[in-house]
Amino acid sequence: MASNVTTANSDEPSEKDAGGPIKPIAVQPEPKMDPQLAEAQPTSPPQQPPKPRVKKAPEIPIFERRNWLIHLHYVRKEHDACKALIKEQMEETGGMCEYPTYVQALILRQEGRIQESLECFQMCALINANNPDNLKQLARSLFLLGRHKAAIDVYTEAAKMSERDWEVSHNQGVCYIYLKEYMKAKECLKQAIQYNKHDLSYVMLAKIYLMEGDVNMAIDVYKRAVEFSPENPELLTTLGLLYLQIGQNQRAFEHLGNALTYDPSNVKAILAAGSMMQQHGDYDVALTKYRIAAASVPESAPLWNNIGMCFFGKKKYVAAISCLKRATYLAPFDWKIMHNLGLVHITMQQYASAFHFLSAAINLRPKMGALFMLLAVALTHLDDPDNAKQAYEQSVNLETKDPAVALNFCVFLYNQGERKAAVKQFNNFDQRMQKLGKDAINTIDQEIIDLANKMGPALQVGEKHVWKKEPKETSGTGSSKDTNTNRQGVPSIEQAVAAAPSPPDKEPRSSKKDRKAVPAE
């Protein structure tokens, strides 16, 4: 029997489901356009290719995403905000983040907590052992703690990672200076200069030569430094002072003038140039220079010392004492200021005050023969010949070159009636004058030479002991006056009272109690 049931997988629908016979669908043809109209109709623009999508920035790891903000706060010196960020970062990373630890160590070192900064730098070196900056900062902290040998070892390890590093070689040289290994220090500093010429390396190298007493080599190093950096006023000033130390005043003045050209308010150069003018007796010009320096450093003891000695040269003794008192208030342990105060008080015939300041200077500088000579002059006027004689003996033993010491002692002994001892000291004076030579004799005060020419016939040692100054040729630059003060503004020994006169008759005599010459150690 035929069945009318259709299967489920039949694809063709049945007439029963459609409700009748299937009708065909009429297909209408596409309309055709005139080719002329098709050409006249505007065509649509071609479609642009889609723009490429911007790639998303890569995700920064959690332990580095705040480094930029930490750095920003650090360079702005906003340390509180910087430390707060570092604390959060360290908590998130468990203390294994290099840069926050590095910045924290720098902050701790600026706050003076060197040991804690050392521990942080050690942590940085453990996190990243291939970074030479971590080792250099670690060595720097060791250097600040005084562990110079350990610092040198760490710098050596850093040099293996960073070749031809100026900073490493320079710091190694500085460490060797503190260890007093000057040969190795010079090698390291010369190597640093070869890697990269830097003013600081030249300065440290010259410092080594000065500690060794080689002034000429130090000058040579500073000359090379000035060639590299000709507009550095500190280098020019130091070079001028070194020329001044070896007696080349013309070159010294040139370099000091160049330093003042680049930095008119450089106090160090002003003091040096002013002392040279003061040495030649140009007190008004020197005071003009000092006035500029006083505006920058009103609390400088050397400045007020030099100003006081300018007034002393102009014979304004009250103003000189006022300035020197201010200088000694600012630097109470400077023996030069005490020396100058004693000298001014002797000039004003205030011998008790002179004794006070000269005794203080001797306590600070017990090996200075000129101080004992001035003390002896003050004691002579205070009618204390015993202690004055002891002070003269100390002065002659300590000062073996200055002829004024022996001549003053000779005058004192002659006034005391000790003729044989006076002749002995006069012969000592004669020997010292012969050792000085003709050029040095021209620098001695004329009062000393006149007194010596009178003492020879008085002691009956013959008329052969006669000294004369050779006439000087006046040059176009500078003053031809005799020098009254030395380079530091401290008056020379020749400016002291050459003759120790006998005690005055009408002057009030002070007590001899507790007025003894301080013996040299």
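We use all heavy atoms of the structure for the numbers below, so side chains are in, but hydrogens, waters and symmetry mates are not. Just so we're clear, the structure is a prediction, and the values are computed from it rather than from any experiment.
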Determine whether more than 12 heavy atoms belonging to other residues, nucleotides or ligands lie under 6.0 Å from atom CE of Met123.
no
More than 12 heavy atoms from other groups under 6.0 Å of CZ on Phe228:
yes
With the threshold set at 4.0 Å, does a side-chain nitrogen-carboxylate oxygen contact exist between Glu157 and Lys160?
yes
Ion pair present between Lys454 and Asp450, side-chain N to carboxylate O less than 4.0 angstrom?
no
Check the angle between the aromatic planes of Tyr317 and Phe312 and answer parallel, tilted or perpendicular using the 30° and 60° thresholds.
tilted
Before giving the answer on salt bridge (charged side-chain N to carboxylate O under 4.0 Å, His left out), spell out for Asp220 and Arg224 the whole-Å C-alpha distance, their side-chain angles and the decisive distance to 0.1 Å.
CA-CA 6 Å; Asp220 183 62; Arg224 283 185 284 151; 3.8 Å; yes
Lys207/Glu212 salt bridge by N-O under 4.0 Å criterion
no
Should we say atom OH of Tyr74 is surrounded by more than 12 heavy atoms from elsewhere, each under 6.0 Å from it?
yes
Take Asp133 and Lys136, measure what salt bridge (charged side-chain N to carboxylate O under 4.0 Å, His left out) needs, and give me the verdict at the end.
CA-CA 5 Å; Asp133 292 334; Lys136 288 192 284 188; 3.6 Å; yes
Centroid-to-centroid, Phe143 to His148, below 6.0 Å?
yes
Between Ala206 and Ala218, what is the shortest heavy-atom contact and its length?
O-CB, 3.8 Å
Just checking, any donor-acceptor pair under 3.5 angstrom between side chains of Trp166 and Ser201?
yes
Around atom CZ of Arg432, are there more than 12 heavy atoms of other residues, nucleotides or ligands at under 6.0 Å?
yes
Check whether the side chains of Ser265 and Asp263 place a donor and an acceptor atom closer than 3.5 Å, and report yes or no.
yes
Of all heavy-atom pairs between Asn134 and Asn128, which one has the smallest distance, and what is that distance?
ND2-O, 3.4 Å
Ignoring hydrogens and geometry beyond distance, is a side-chain donor-acceptor pair present between Asp165 and Tyr195 at under 3.5 Å?
no
If you look at every heavy atom in Pro298 and Ala295, which pair is closest and at what distance?
CD-O, 4.4 Å
Between Cys323 and Ile307, which heavy-atom pair has the shortest distance, and what is it?
SG-CG2, 3.8 Å
Closest heavy-atom pair and its distance - Thr101, Cys120:
CG2-O, 3.5 Å
Main-chain N/O of Ala158 paired with Ser162 side-chain donor or acceptor, under 3.5 Å:
no
Side-chain (Asn305) to main-chain (Ala301) donor-acceptor, under 3.5 angstrom:
no
Is it the case that more than 12 heavy atoms not belonging to Glu299 sit under 6.0 Å from its CD atom?
no
Apply the test ring-ring contact (aromatic ring centres under 6.0 Å, His included) to residues Phe311 and Tyr283: give CA-CA distance (whole Å), side-chain angles for both, the deciding distance (0.1 Å), then the verdict.
CA-CA 8 Å; Phe311 284 123; Tyr283 301 117; 9.8 Å; no
Would you confirm whether Arg109, through its side chain, and Gln137, through its main-chain N or O, come within 3.5 Å as a donor-acceptor pair?
yes
For residues Leu239 and Tyr222, report the shortest heavy-atom separation together with the two atoms involved.
CD1-CB, 3.8 Å
Can Glu254 and Asn258 be counted as having a side-chain donor-acceptor contact under 3.5 angstrom?
no
Asp282 side-chain N/O to Val285 backbone N/O, donor-acceptor pair under 3.5 Å
no
Does a donor on one side chain and an acceptor on the other come within less than 3.5 Å for Gln194 and Arg164?
no
Heavy atoms of other groups near Lys314 NZ, more than 12 under 6.0 Å:
yes
Give a yes or no on whether a salt bridge exists between Lys184 and Glu181, defined as a side-chain N under 4.0 angstrom from a carboxylate O.
yes
Any side-chain donor-acceptor pair under 3.5 Å between Gln122 and Ser141?
no
Phe426 vs Phe429 aromatic rings, parallel, tilted or perpendicular, using cut-offs 30° and 60°?
tilted
Judged by atom type as modelled, is there a donor-acceptor pair below 3.5 Å linking the side chain of Ser322 to the main-chain atoms of Ala319?
no
Kindly indicate, with the supporting measurements, whether the criterion side-chain hydrogen bond (donor to acceptor under 3.5 Å, both in side chains) is fulfilled by Asp384 and Asn387.
CA-CA 6 Å; Asp384 193 356; Asn387 286 325; 2.8 Å; yes
